[in-house]
Undergrad: 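Can you keep this structure in mind? I'll have questions shortly.
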Amino acid sequence: MNWIYLLLAGLFEVVWATTMKMSHGFTKLNFTIMTIVGMIVSFALLAQATKTLPLSLAYPIWTGIGAVGSIIAGVILFGDKISLLTWLFIVLLLISIIGIKASA
């Protein structure tokens, strides 16, 4: 169950990062509220997951999910342009996240 908490925590990290951009520097109240709620949920789920998962495992997976998810959100929602070399490093990041999980 803690792996599910960790996965959800990473997804909510993507939510708050995305809505933070959409808040335009916290000037749009609805997106500002969604950012704060996303942060609280993400941190609460991470805290729940780290009750039994080691921090050295949970934190890099949480940040990795957030990083990759935020990149994908940026490309899809905001039209961010990513070079081929950057995509290579994103794939390496995914491989690293899977490797951390598999070696735990």
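Just so you know, these numbers come straight off a predicted model, no measurement behind them.
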Undergrad: What's the separation between atom CG in Leu53 and atom NZ in Lys101, rounded to the nearest 0.5 Å?
TA: 8.5 Å
Undergrad: Answer with yes or no whether the hydrophobic clustering places Leu92 together with Ile72; edges join I, L, V, M, F, W, Y residues whose side-chain heavy atoms lie under 4.5 Å apart.
TA: no
Undergrad: Checking side chain to side chain contact (heavy atoms under 4.5 Å, CB included) for the pair Ile65/Glu13: CA distance, chi angles, key distance, verdict?
TA: CA-CA 8 Å; Ile65 292 168; Glu13 186 179 6; 5.9 Å; no
Undergrad: Using the rule that Ile, Leu, Val, Met, Phe, Trp and Tyr join whenever any side-chain heavy atoms are under 4.5 Å apart, tell me whether Ile97 and Ile82 fall into a single cluster.
TA: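 Linked within one cluster.
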Undergrad: Transitively linked via ILVMFWY side-chain contacts under 4.5 Å: Val75 with Leu93?
TA: yes
Undergrad: For the residue pair Thr63 and Pro60, what are the closest heavy atoms and their distance?
TA: OG1-O, 3.1 Å
Undergrad: For Ser103, check side-chain contact (heavy atoms from CB on, under 4.5 Å) against everything at least two apart and list the hits.
TA: none
Undergrad: Step by step, would you call Leu84 with Leu88 a side chain to side chain contact (heavy atoms under 4.5 Å, CB included)?
TA: CA-CA 6 Å; Leu84 189 58; Leu88 171 67; over 6 Å; no
Undergrad: Taking side chain to side chain donor-acceptor pair (under 3.5 Å) as the test, write out the residues that go with Lys51, two or more places apart.
TA: Gln48
Undergrad: When rounded to the nearest 0.5 angstrom, what is the spacing between CD1 in Ile95 and CD1 in Ile100?
TA: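 Reported value, rounded in 0.5 Å steps: 12.5 Å.
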Undergrad: Write out all pairs satisfying side-chain hydrogen bond (donor to acceptor under 3.5 Å, both in side chains) with one or both partners inside residues 65-85, taking only residues at least two apart or from two chains.
TA: Ser83-Thr86
Undergrad: So which residues get pulled into Val14's cluster when ILVMFWY side chains under 4.5 Å apart are joined, directly or through others?
TA: none
Undergrad: Got a sec, which residues hit side chain to side chain donor-acceptor pair (under 3.5 Å) with Ser56, two or more places apart in sequence or on another chain?
TA: none
Undergrad: For Leu94, check side-chain contact (heavy atoms from CB on, under 4.5 Å) against everything at least two apart and list the hits.
TA: Val68
Undergrad: The criterion is side chain to side chain donor-acceptor pair (under 3.5 Å); which residues satisfy it with Asn2, sequence neighbours excluded?
TA: Thr52
Undergrad: Report the residues that fulfil side-chain contact (heavy atoms from CB on, under 4.5 Å) with Ser96, sequence neighbours left out, ordered by chain and then residue number.
TA: none
Undergrad: Between Ile98 and Ile4, is there shared hydrophobic-cluster membership here, with clusters defined by ILVMFWY side-chain heavy atoms closer than 4.5 Å?
TA: no
Undergrad: Under the ring pair (Phe, Tyr, Trp, His ring centres under 6.0 Å) definition, can you give me all pairs with a residue in residues 79-104, not counting sequence neighbours?
TA: none
Undergrad: Show me, pair by pair, the donor-acceptor contacts under 3.5 angstrom made by side chains of residues 28-47, not counting sequence neighbours?
TA:
| from | atom 1 | to | atom 2 | distance (Å) |
| --- | --- | --- | --- | --- |
| Thr32 | OG1 | Lys28 | O | 2.9 |
| Thr35 | OG1 | Thr19 | O | 3.3 |
| Thr35 | OG1 | Thr19 | OG1 | 3.0 |
| Thr35 | OG1 | Met20 | N | 3.0 |
| Thr35 | OG1 | Phe31 | O | 2.8 |
| Ser42 | OG | Ala9 | O | 2.8 |
| Ser42 | OG | Trp62 | NE1 | 3.0 |

Undergrad: Can you tell me how far the CD1 atom of Ile90 sits from the CG atom of Leu85, to the nearest 0.5 Å?
TA: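 Rounded to the nearest 0.5 Å, the CD1-CG separation comes out at 10.0 Å.
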